[in-house]
Amino acid sequence: MRKKALRMAGLMVMALLVGCGEKKTAATMHLVQTKGTVGVQDEKEKAVSPVDNLGLYSGYQVGTDAESYAWIDLDRARLAKMDQRSGIGIRKSGSREELEISVQYGGLFFNVTEPLSEDESMEIQTSTMIAGIRGTCGWTERGTDYSRLGLLEGSVECRTLDGDNVTIEAGQMAVLADGETQIQVLPLSGEDVPAFVLEEVPELAAGLPSGTDKGPGPETADAGEDAQGNESVRYYDPEAGLGMPEVPQDGIERRILEVGDGAELKELAMNEDLSNTEIHLGDGTYEVQYLGFQGFENLSIIGTGKTRLVATGGDELILSAYNCKNLLLYGLVMGHELPPEISECTAGVVLFHDCEDVKLGGCDIYGCGFTGLSGSDSSITALRTVIRDCSGEALYWLGGEGEIRFVECAFVGNGESPLFGGTAGSTAFTLENCIMQENKSSAKYRFYDRTDAPWEENGTQESGNGWQ
């Protein structure tokens with residue numbers, strides 16, 4: 001459960017709103033079912049166990065990780081389902097006691113099985129488009145630069161904040177690109193319906209045609225080419241690496257332990273107080289199957305640059321740290337080594353939460369973890385560290401206070417998610433003399449609570465990235 005709470009620790013304010021104007025909204029909400037990694041926080045941002053039929057009150061927040069979903073009961077006659085990698089918040093509707101759902105990002109399925117009465121209303125609002133629904137079934141999503149609503153049953157009135165108004169029927173979708181003032185109405189195809197919606201109402205999508213224009217959406221360039229399709233300069237050579245930095249020295253006296261295999265290292269992490277300890281690892285592979293460090297101070301884990309920390313399952317982090325202070329990870333290659341029967345990862349590689357003065361030196365964080373580095377409320381400095389070949393983003397942050405510094409680091413070959421994403425909160429980001437090469441994303445960063453670049457960036461060398 002700790003991993004679930006940490007992944008969702010930084011969910012912040014809204015990008016989508018399910019609510020109403022001066023009419024009734026859902027008076028009661030319950031988290032009726034979860035699958036995978038789902039985190040819940042109360043109004044004080046404290047973790048709450050996401051048990052079935054959990055009441056959701058004003059100030060609560062719910063988030064889903066990769067391959068994870070959550071079902072919410074709205075007065076029993078209305079169901080909402082969160083897609084994977086989505087986040088919502090619950091709030092009161094003005095001065096009244098009824099509750100509303102605010103969705104920060106991701107997808108939301110809705111199914112109003114009983115039409116609302118005359119004095120009831122439900123709206124779904126993105127930052128650019130509002131949809132009022134009564135007895136309808138469909139879903140809404142927020143892309144990096146567009147809003148979309150697809151309808152499988154009933155009819156929906158959609159309007160922009162500037163007043164443009166259209167009505168869509170079952171088998172249509174409304175699409176609004178950022179910066180535009182008019183909503184496009186397009187035919188809906190079977191390929192347009194997301195998998196998390198098909199799982200709920202496959203019969204409603206069965207009769208849809210195939211092959212329609214989806215309207216505005218993210219576009220990517222081929223990795224290794226610039227915007228004109230020319231071959232790009234390769235600034236990072238994976239065989240040469242970045243070169244190992246000096247081992248940081250802080251003058252603190254530590255006991256020194258030498259560890260020979262992954263089982264011994266995992267045993268130490270689980271059962272010993274590792275404060276004021278320096279652990280030395282040799283060349284070769286340490287099968288750790290997830291390492292968790294909690295509450296330690298002045299812990300150093302020092303490898304050789306050829307020290308591999310791996311897991312052979314795809315559903316666990318390689319390493320996480322919670323409430324640690326002055327933590328050093330040096331010369332470590334960390335990633336998943338999956339057997340042929342496991343096709344993909346559903347967990348990231350490294351996570352830090354509520355940590356102070358974390359240092360990564362000469363590390364190599366690689367796929368297939370969907371996220372290289374994630375966390376919240378932490379201060380981290382990474383020096384000559386590589387984050388590469390992750391199926392999602394290099395960094396997924398969940399806000400809070402802290403400072404993240406990347407110095408002479410490389411981000412190479414990562415997936416189609418924004419290279420840096422999540423919520424920035426009050427965290428300060430700095431990139432100094434870093435390399436971004438052959439990442440597939442069409443966006444360098446996408447923080448849901450910030451529209452400007454939330455960092456200082458100097459000396460970056462970019463080549464062959466999707467956003468170029």
Side-chain angles (χ1 to χ4, degrees), residues 15-18 64 66-71 78-88 103-113 122-160 164-180 182-220 391-392 415-418 440-443 446 466:
L16 301 174
L17 169 67
V18 181
T64 59
E67 304 296 328
S68 304
Y69 307 90
W71 289 259
R78 308 156 206 168
L79 175 71
K81 177 186 177 183
M82 296 170 59
D83 194 8
Q84 61 177 332
R85 289 192 172 188
S86 300
I88 70 166
V103 183
Q104 303 170 308
Y105 58 94
L108 177 71
F109 166 75
F110 56 86
N111 190 10
V112 182
T113 56
M122 180 176 290
E123 290 184 346
I124 299 175
Q125 176 178 326
T126 73
S127 57
T128 58
M129 186 171 69
I130 303 168
I133 65 174
R134 299 186 64 81
T136 53
C137 178
W139 81 96
T140 188
E141 61 185 273
R142 174 63 186 170
T144 57
D145 55 3
Y146 66 95
S147 299
R148 178 185 297 154
L149 186 144
L151 199 60
L152 298 172
E153 194 171 60
S155 64
V156 166
E157 181 184 279
C158 298
R159 65 186 187 275
T160 68
D164 182 48
N165 190 299
V166 299
T167 298
I168 66 170
E169 306 291 339
Q172 294 180 321
M173 59 181 172
V175 183
L176 181 64
D178 288 1
E180 299 294 330
Q182 292 188 327
I183 300 171
Q184 296 184 60
V185 178
L186 300 172
L188 187 65
S189 74
E191 290 86 349
D192 295 324
V193 183
F196 85 107
V197 175
L198 284 173
E199 291 175 354
E200 300 299 315
V201 285
E203 69 283 357
L204 294 182
L208 292 173
S210 60
T212 66
D213 178 13
K214 300 185 180 199
E219 297 180 357
T220 62
S391 57
E416 295 184 356
S417 300
K440 301 177 181 66
S441 176
S442 61
R446 175 67 65 176

Would you compute the distance between atom CE of Met173 and atom CG of Leu188 and round it to the nearest 0.5 angstrom? 6.0 Å
With sequence neighbours left out, write down each residue that passes side-chain contact (heavy atoms from CB on, under 4.5 Å) with Ser391, or none if nothing qualifies. Phe370
Where Pro418 and Ser441 come nearest, the two heavy atoms and their spacing: CA-OG, 3.2 Å
Taking all non-hydrogen atoms of both residues, which atom of Thr136 and which atom of Gly154 are closest, and how far apart? CG2-CA, 3.9 Å
Evaluate the side chain to side chain contact (heavy atoms under 4.5 Å, CB included) criterion for residues Ile183 and Thr160: first the C-alpha distance (whole Å), next the side-chain angles of each, then the deciding distance (0.1 Å), finally the verdict. CA-CA 7 Å; Ile183 300 171; Thr160 68; 3.5 Å; yes
Closest approach of Asp83 to Tyr69 (non-hydrogen atoms, all atoms of both residues): OD1-CE2, 3.3 Å
Taking Thr64 for its side chain and Ser86 for its backbone only, find out whether a donor-acceptor pair lies under 3.5 Å. yes
Could you grab the distance from atom CE of Met82 to atom OG of Ser68, nearest 0.5 Å is fine? 10.0 Å
Considering all heavy atoms of both residues, which atom of Ala174 and which atom of Ile168 are nearest to each other, and what is their separation? N-CD1, 3.9 Å
Expected output: side-chain Ser442 to main-chain Gly466 donor-acceptor under 3.5 Å: no
Atom pair CG (Leu108) and CZ (Phe196), whose distance is rounded to the nearest 0.5 Å: 7.0 Å
Across all chains, not counting sequence neighbours, the side-chain contact (heavy atoms from CB on, under 4.5 Å) partners of Glu200 are Trp71, Leu79, Lys81, Phe109
Just verifying a value: how many Å separate Asn111 CG and Leu152 CG, rounded to the nearest 0.5 Å? 9.0 Å
Let's go through Leu151 and Gln172 carefully: what are the C-alpha distance in whole Å and the side-chain angles of both, what is the deciding distance for side chain to side chain contact (heavy atoms under 4.5 Å, CB included) to 0.1 Å, and is it a yes or a no? CA-CA 6 Å; Leu151 199 60; Gln172 294 180 321; 5.9 Å; no
Should the heavy atoms of other residues, nucleotides or ligands under 6.0 Å from CD of Gln182 be counted, would the total exceed 12? no
Verify, without hydrogens or angle tests, whether Thr140 (side chain) and Arg148 (backbone) share a donor-acceptor contact under 3.5 angstrom. yes
Restricting to non-hydrogen atoms, name the atom on Glu169 and the atom on Ser155 that form the minimum distance, rounded to 0.1 Å. OE1-CB, 3.1 Å
Sorted by chain and residue number, the side-chain contact (heavy atoms from CB on, under 4.5 Å) partners of Ala205 (sequence neighbours excluded) come out as Val193, Leu198, Leu208
